[in-house]
Amino acid sequence: DAKTTQPPSMDCAEGRAANLPCNHSTISGNEYVYWYRQIHSQGPQYIIHGLKNNETNEMASLIITEDRKSSTLILPHATLRDTAVYYCIVHHTGANSKLTFGKGITLSVRP
Amino acid sequence: EAGVAQSPRYKIIEKRQSVAFWCNPISGHATLYWYQQILGQGPKLLIQFQNNGVVDDSQLPKDRFSAERLKGVDSTLKIQPAKLEDSAVYLCASSLDPGLAGRYFGPGTRLLVL
C-alpha cells in the first residue's frame, strides 16, 4: 500500500470547519483513500473512504484532488468531541491488503 | 447494532506470565483482526482471520503470541510468556468483508507488563 504524509498536529476553533490534509503522491489506480480517527482511550473509528470522486457522509467530507496525490478531510462544524488523532490511509481493496496506520494528525478543537 | 466487544479492558501482569484477551465481533462480520498499539504509534496489524481461517499473520511474533477463532465468531489472543515490550493496547476489529468495507474497532485491552 502507498505511504501517506500528514502534519503531526493542527487545531481549529469550535464551530469552524476543520480541514485535515494528507499527501499520498505514490497512490496507485486501485488504491482507495480511507480516513479513521481515534479519540483518546478508544479504538479507531472509520470515517469515510473514496477512490477519485469527492465523498460526503454524516460525519465528514472527503475531497480528493484530480491527480489523486492528495486529499482533504473536512469536518464542517468541529466540536470539542472531534478532538482526536486522524489517520489517512491508502489501501487497495484486495482481501490480503493490510490497513497500515501511520502516526496520524492530532486535531485539537479549542472552545 | 452492538459494536465489537473486548475483555478485559485492563490487565497488569509481570513479565514471563501469560495473558489472554477475548473479542466478540459485530454479528455477521466474517473478517476479524487483532492489532497492537504501542503508546504514541498507530495500530499495527498482528493477525487477520476470514471466518475461522488465518489470512495474514506475518507480523505476529509466533514464538510468544497465538490467536484462534475456532467457530468463526469469537476470538482469543494469547501472549505466553509476556515481555516488557508487550505493554500496549490490543485492539480487535471486524469487517463485513476484507476488501472495501470499513473496519469497526473495539475499545481495546490495555496491557501493562511489569
Side-chain angles (χ1 to χ4, degrees), chain A residues 1-9 20 22 24 28-53 55-60 62 73 84-107, chain B residues 1-7 9-10 21 23-26 29-51 53-60 88-112:
Chain A
D1 293 330
K3 188 175 176 179
T4 62
T5 304
Q6 298 177 260
S9 63
L20 286 72
C22 181
H24 31 80
S28 59
N30 65 344
E31 290 181 317
Y32 286 70
V33 180
Y34 279 74
W35 282 84
Y36 284 75
R37 75 178 182 184
Q38 188 169 23
I39 295 169
H40 183 63
S41 296
Q42 297 184 20
Q45 177 189 24
Y46 165 77
I47 301 174
I48 198 168
H49 72 277
L51 183 63
K52 56 176 85 171
N53 297 321
E55 302 287 344
T56 296
N57 63 20
E58 65 278 3
M59 290 183 69
L62 174 60
L73 180 75
V85 178
Y86 287 77
Y87 298 98
C88 169
I89 302 165
V90 169
H91 170 57
H92 73 75
T93 57
N96 294 331
S97 172
K98 291 184 175 63
L99 195 73
T100 303
F101 289 81
K103 291 192 174 181
I105 177 173
T106 300
L107 173 67
Chain B
E1 165 182 89
V4 176
Q6 289 188 249
S7 68
R9 292 296 312 278
Y10 304 92
F21 313 125
C23 172
N24 181 235
I26 292 173
H29 282 195
T31 311
L32 185 147
Y33 314 82
W34 282 102
Y35 286 81
Q36 179 193 59
Q37 186 172 24
I38 292 172
L39 189 65
Q41 299 180 18
K44 181 185 88 171
L45 179 69
L46 292 176
I47 189 167
Q48 174 183 340
F49 291 94
Q50 181 69 17
N51 296 308
V54 175
V55 172
D56 182 358
D57 63 357
S58 58
Q59 298 190 90
L60 187 74
V89 176
Y90 291 85
L91 295 158
C92 179
S94 69
S95 67
L96 205 50
D97 70 65
L100 193 61
R103 298 179 192 188
Y104 296 86
F105 286 78
T109 296
R110 191 173 298 271
L111 173 68
L112 179 60

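Proteins get letters first, then strands, A, B, ... in listed order; numbering begins at 1 in each.
In this structure, F49(B) has no ring pair (Phe, Tyr, Trp, His ring centres under 6.0 Å) partners at least two apart in sequence or on a different chain.
Using a 4.5 Å cut-off between heavy atoms, P43(B) touches chain A through backbone and side chain atoms alike. Only the side chain of Q37(B) comes within contact range of chain A, with at least one heavy atom under 4.5 Å from a heavy atom of that chain.
The CD1 atom of I89(A) lies 8.5 Å from the CZ atom of R103(B); values are rounded to the nearest 0.5 Å.
The minimum heavy-atom distance linking G43(A) with L91(B) is given by the pair CA-CD2, 3.8 Å.
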